Amino acid sequence: MSECIFCKIVGGEIPAVKVYEDDQVLAFMDINPLNNGHTLIIPKKHAETILEIDPDELAAVMKTAQRIAQAIQKALNPDGITVIQLNRRAAGQVIPHLHVHLIPRWEGDELQISRWEPVAGDMEKIKEIGAKIKAEL
Ligand code: 5GP
Ligand code: ZN
């Protein structure tokens with residue numbers, strides 16, 4: 001049996017507050033919510049990150065993320081919703097089973113996510129790196 005916590009939630013070995021599921025996707029409440037309504041959307045089939053997941057599975061996850069976001073909006077009426085998805089430890093991923101976070105936001109909630117100070121980059125370097133990425137497509 002898989003050691004992955006989220007696979008265990010999919011398999012019903014660990015309880016979760018589920019809000020939606022279908023053949024491909026499961027959505028459930030985060031047990032350490034950053035705000036009320038913090039919800040996770042995962043593929044039922046194990047995939048660690050955006051780099052490995054089957055594109056159709058990812059599309060199903062994102063489609064569900066939109067549905068759940070709309071439901072959160074109706075249920076909780078937040079001022080905003082942050083959508084984040086972390087890949088690998090350097091990005092802050094703790095559970096190595098792909099998941100999209102939906103975090104309802106309220107004006108003045110002071111969560112530190114997504115509030116960085118913009119600092120202008122070196123345009124030459126930005127162009128050089130853009131070209132490097134484009135060359136891999
Ligand atoms: P990450 O940093 O990997 O993007 O976030 C993992 C998320 O999973 C965290 O927000 C954490 O609170 C949540 N989490 C970890 N273990 C469990 C669990 O057993 N059940 C639920 N519902 N959420 C979990
Ligand atoms: Zn898993």
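Since the model is a prediction, treat every value here as computed from it, not as a measurement. Counting starts at 1 for both ligands and their atoms, in listed order.
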Can you sort out which atoms of ligand 1 are near [X], meaning under 4.0 Å from one of its heavy atoms?
X: His101; result: 1 (P), 4 (O), 5 (O), 7 (C), 10 (O)
X: Asn32; result: 11 (C), 12 (O)
X: Val94; result: 1 (P), 2 (O), 3 (O)
X: Leu86; result: 2 (O), 4 (O)
X: Ile5; result: 19 (O)
X: Phe28; result: 21 (C), 22 (N)

For residues 35-57, the ring-ring contact (aromatic ring centres under 6.0 Å, His included) pairs (sequence neighbours left out) are His38-His101, His46-His97
Quick one about Gln85 and Asn87 (side-chain donor to acceptor, distance below 3.5 Å, no hydrogens or angles considered), yes or no?
yes
Between Arg88 and Thr49, do the side chains contain a donor N or O and an acceptor N or O under 3.5 Å apart?
no
Separation between CG (Asn35) and CD1 (Ile81), nearest 0.5 Å, reads 11.5 Å
Rounded to the nearest 0.5 angstrom, the CG-CD1 distance for Leu34 and Ile103 is 5.0 Å
I need the nearest protein heavy-atom contact for [atom]: residue, atom name and distance, please.
atom: atom 8 (O) of ligand 1; answer: Phe6 CZ, 3.5 Å
atom: atom 23 (N) of ligand 1; answer: Ile31 CG1, 3.2 Å
atom: atom 6 (C) of ligand 1; answer: His99 NE2, 3.4 Å
atom: atom 22 (N) of ligand 1; answer: Met29 O, 2.9 Å

Determine, using heavy atoms of [X] and all atoms of ligand 1, whether some pair is separated by less than 4.0 Å.
X: Gln85; answer: no
X: Ile9; answer: yes
X: Ile84; answer: no

Margin query: With respect to Gly92, determine whether any N or O atom, backbone or side chain, lies less than 3.5 Å from an N or O atom of ligand 1.
Written below: yes
Would you say Ile95 and ligand 1 have an N/O pair spaced under 3.5 Å apart? yes
Do [X] and [Y] touch side chain to side chain, with heavy atoms closer than 4.5 Å?
X: Val25; Y: Pro43; result: no
X: Met29; Y: Thr39; result: yes
X: Gln73; Y: Pro78; result: yes
X: Tyr20; Y: Leu26; result: no

Between Phe28 and Val17, is a side chain to side chain contact (heavy atoms under 4.5 Å, CB included) present by the stated rule, with each step listed? CA-CA 5 Å; Phe28 56 98; Val17 180; 5.7 Å; no
Min over Ile42, Thr39, Asp30 of heavy-atom distance to atom 12 (O) of ligand 1 lands on Asp30
Protein N/O/S atoms closer than 2.8 Å to the Zn ion (ligand 2) number 4
Note: Asn36 and Pro104 closest approach over all heavy atoms is O-CG, 3.1 Å
Heavy-atom nearest pair, Gly37 first then Leu76, reads CA-CD1, 3.7 Å
The answer for which part of Leu40 has a heavy atom under 4.0 Å from ligand 1 is side chain
- request: Would you confirm whether Gln93, through its side chain, and Glu48, through its main-chain N or O, come within 3.5 Å as a donor-acceptor pair?
  value: yes
If you measure from the Lys or Arg side-chain nitrogens to the Asp or Glu carboxylate oxygens, is any gap between Glu21 and Lys44 under 4.0 Å? yes
